[in-house]
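Notes for the one structure printed next.
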Amino acid sequence: SLNDGSHTFTAHAVDVAGNVNSTEERTVTTGVVACGDTVTSDVNLFENLSCTGGGLIAGSDNLVIDCKGYTIDGDGVGSDKGIDINGRNNITVQNCSITDFYIGVEIRGWSNNSVIYNNSVLSSSWYGIRISNGYNQNVTYNNLTNSVHKVGAYNTCEHTITNNYANNNYPVLYYGNTTGVTIDGGNYSSIWFCRVNGSTINNVKVSNDNTTGGIIFWNSNYNNITNSNLSNNRYALDLWDGSIGNRIVNNTIDYNKGSSGIITWVGGDYNVIENNSFNGNPYAIYIGGGNNNDINITGNTIVGSTTKGLFISAATDNNNTIWNNYFNNTINADSSGINYWNITKTSGTNILGRGFIGGNFWSDYSGNDTTGDYLGDSGLPYNISIVNGGDYLPLVNATIDLSPPNVTINTPMNQTYSVSLIDFNVTAVDGIGMGDCWYSLDSGVNNVSMSNLSSEWNATNGSIGDGGYLMNVY
């Protein structure tokens with residue numbers, strides 16, 4: 001009838017003469033569990049568990065697993081779980097330190113009404129707490145530092161997940177099955193949307209020391225992320241599993257060194273990625289998994305990517321339009337689908353500040369502009385690592401001028417002058433601008449520089465001897 005826990009005992013013996021002898025103290029512990037145990041009654045830990053496989057498995061409904069502040073520690077290898085709740089209802093996990101597992105706590109198999117309270121779930125190599133289905137899970141007051149995904153839910157979204165935190169003590173936000181959320185300002189460790197539509201994230205900072213993920217949309221549509229700093233994460237933003245019509249505009253997305261700046265994964269149609277700054281990510285934008293179509297990527301500065309600036313990985317990722325972006329990366333773009341890399345030539349200021357919009361600036365484009373519109377005219381299309389099509393209107397920052405300026409001699413006229421002081425004035429106009437202007441009276445042996453007066457150039461010569469002269473302008 002001993003209660004669970006540690007008990008210390010000593011044996012005492014007395015003989016008939018009243019002599020007493022006592023043994024040494026010994027300790028017995030009851031209710032002990034071990035790594036890999038399937039538990040079917042309430043558990044109170046009285047010591048740390050160091051596991052080379054999984055931790056504890058909930059084996060029946062209506063259990064409380066209370067670690068009393070002790071640690072269930074994994075070995076950081078494989079796909080083991082610290083606590084696995086599979087098809088069980090009304091399970092409470094509290095006061096635990098769960099470290100170095102692939103998933104710290106997993107709720108699956110249509111488990112319902114779990115309570116995950118006041119735990120430290122640290123350094124999970126995939127999820128701190130993962131809810132793959134089931135309803136009405138309550139996840140509160142947990143520390144989820146250095147887990148790639150702190151707490152994530154998909155397939156079912158109707159849960160209470162509040163007052164959790166992670167790296168830098170920044171909050172972990174979760175919203176599920178709702179619309180019209182507004183998050184304006186603040187520092188966060190992660191933001192997870194599960195079937196959230198028509199919402200706005202503006203002017204936030206999400207940063208995690210390059211260890212963990214930033215913002216995750218699962219099956220969430222027509223949301224806006226604007227004017228935010230999503231830097232120094234494992235990845236900045238993951239648009240996952242049919243998240244469509246989202247706008248990601250005017251954000252700084254730098255040095256997310258574990259994976260990518262933005263990931264669009266499976267069925268991410270009609271998303272807009274516009275006017276963002278990407279620097280120092282392995283991939284700035286990674287579109288993968290297939291059926292990511294009609295994405296509009298424009299106005300972005302994409303530089304310093306250590307693997308690829310833009311990667312469109314699947315042949316079924318089609319009909320995306322990539323235009324008016326600035327690419328300067330190890331590999332600027334890689335695409336196997338059928339996508340569009342420029343729009344029709346249009347008058348307007350492009351990302352280089354020039355007067356026509358068309359395609360993109362590519363740091364490794366070797367062609368030239370020969371018509372003065374700062375759009376490439378040779379080496380077309382630009383298609384380095386682009387399997388289908390390419391950019392037919394690449395932006396360039398310089399032009400090769402093959403057309404001479406138009407020159408009109410205003411004075412002197414073709415006549416005889418009775419004075420030796422002659423005014424030389426010409427009008428010279430060129431499509432890309434004038435450099436210098438000279439005149440010569442001896443076929444270019446001696447050239448006299450002229451002064452610029454707007455489109456006119458002027459010089460005065462008072463030492464011309466008598467005779468006839470042929471004037472040349474250069």
Side-chain angles (χ1 to χ4, degrees), residues 127 129-132 135-140 144 149-166 170-208 212-231 233-253 256 260-277 285 287 292-300:
Y127 280 84
I129 300 169
R130 182 165 78 171
I131 304 167
S132 58
Y135 295 96
N136 302 318
Q137 323 300 349
N138 189 303
V139 180
T140 56
L144 303 165
H149 302 294
K150 286 79 171 177
V151 56
Y154 54 93
N155 298 319
T156 59
C157 305
E158 298 81 0
H159 313 294
T160 299
I161 302 176
T162 61
N163 295 304
N164 302 289
Y165 63 96
Y170 289 165
V172 174
L173 297 188
Y174 173 88
Y175 293 89
N177 201 31
T178 189
T179 60
V181 173
T182 298
I183 304 170
D184 195 356
N187 295 331
Y188 302 96
S189 185
S190 75
I191 301 171
W192 189 292
F193 278 7
C194 184
R195 289 203 182 102
V196 174
N197 301 324
S199 297
T200 297
I201 299 171
N202 179 63
N203 193 33
V204 304
K205 179 181 178 181
V206 179
S207 181
N208 286 289
T212 67
I215 298 176
I216 303 93
F217 286 0
W218 184 84
N219 199 223
S220 294
N221 308 320
Y222 304 106
N223 303 291
N224 297 310
I225 302 176
T226 56
N227 306 313
S228 295
N229 189 330
L230 314 178
S231 299
N233 303 285
R234 182 184 176 93
Y235 59 84
L237 169 64
D238 189 352
L239 304 172
W240 179 30
D241 202 7
S243 291
I244 67 172
N246 299 286
R247 292 179 54 83
I248 301 94
V249 181
N250 293 332
N251 302 287
T252 299
I253 304 174
N256 298 283
S260 305
I262 294 176
I263 304 169
T264 295
W265 190 257
V266 184
D269 296 349
Y270 305 108
N271 292 305
V272 174
I273 303 171
E274 181 177 352
N275 293 345
N276 302 285
S277 173
I285 302 172
I287 298 173
N292 297 284
N293 304 314
D294 299 289
I295 298 171
N296 188 20
I297 301 173
T298 183
N300 302 286

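Start at 1 with the first residue, then count along the sequence.
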Side chains of N202 and T226: donor-acceptor distance under 3.5 Å anywhere? yes

Report yes if the side chains of I183 and Y188 come closer than 4.5 Å at any heavy-atom pair, otherwise no. yes

The single option from N177, N219, T156 that satisfies side-chain hydrogen bond (donor to acceptor under 3.5 Å, both in side chains) with R195 is N219

For a side-chain contact (heavy atoms from CB on, under 4.5 Å) check, start with the C-alpha distance between I131 and V139, then their side-chain angles and the critical distance, and finish with the verdict. CA-CA 10 Å; I131 304 167; V139 180; 4.2 Å; yes

Test F217 against every option in F193, Y154, W265, Y222 by the ring pair (Phe, Tyr, Trp, His ring centres under 6.0 Å) rule and name the one that passes. F193

Ignoring hydrogens and geometry beyond distance, is a side-chain donor-acceptor pair present between N203 and N227 at under 3.5 Å? no

Any idea how W192 and Y127 line up, ring-wise: parallel (<30°), tilted (30 to 60°), or perpendicular (>60°)? tilted

Side-chain heavy-atom pair W240, I263 within 4.5 angstrom cut-off: no

Should the pair H149 and Y235 be assigned to parallel (<30°), tilted (30 to 60°) or perpendicular (>60°) ring geometry? tilted

Backbone N/O of N300 and side chain of N275: donor-acceptor pair under 3.5 Å: no

Of the non-hydrogen atoms in N187 and P171, which two are nearest, and what is the gap between them? O-CD, 3.2 Å

Taking I285's backbone N and O only, do any of them form a donor-acceptor pair with S260's side chain (distance below 3.5 Å, no angle check)? no

For a 4.5 angstrom cut-off between non-hydrogen side-chain atoms, does I248 reach I262? yes

Write down the atom of N136, the atom of H159, and the distance for their closest heavy-atom approach. N-ND1, 3.6 Å

Sole residue of D294, N292, N246 in side-chain hydrogen bond (donor to acceptor under 3.5 Å, both in side chains) with N271: N246

Beyond-backbone contact of C194 with Y174, side-chain heavy atoms, under 4.5 angstrom: yes

Ring pair (Phe, Tyr, Trp, His ring centres under 6.0 Å) partners for Y270, two or more places apart: none

Just so I know, are the side chains of I287 and I297 near enough to count as touching, which here means a heavy-atom distance under 4.5 Å? yes

Could you tell me if the side chain of S231 sits less than 4.5 Å from the side chain of T252, heavy atoms only? yes

Value for CG (N224) from CG (N250), rounded to nearest 0.5 Å, stands at 11.0 Å

Non-hydrogen atoms of I295 and I273 that approach each other most closely: CG2-CD1, 4.5 Å

Check whether any side-chain heavy atom of I201 sits under 4.5 Å from a side-chain heavy atom of N223, and report yes or no. no

Nearest 0.5 Å, please: how far is CG in N251 from CG in L237? 8.5 Å

Distance, nearest 0.5 Å, that separates OG of S228 from CD1 of I215: 6.5 Å

Non-hydrogen atoms of A166 and K150 that approach each other most closely: CB-CG, 3.8 Å

From Y135 atom OH to C157 atom SG, the distance as rounded to the nearest 0.5 Å: 9.5 Å

Can you check side chain to side chain donor-acceptor pair (under 3.5 Å) on T140 and N163, steps first, answer last? CA-CA 5 Å; T140 56; N163 295 304; over 6 Å; no

How far apart are the closest heavy atoms of L230 and A236, and which atoms are they? O-CB, 3.5 Å

If we only count heavy atoms from C-beta on, is the Q137 to V151 side-chain gap below 4.5 Å? no

Closest contact, heavy atoms only, G180 versus S199: N-OG, 3.3 Å

Mark yes or no for whether N197, through its side chain, and N221, through its backbone, hold a donor-acceptor pair below 3.5 Å. yes

Can you check whether S132's main-chain N or O pairs, donor with acceptor, with N155's side chain at less than 3.5 Å? yes

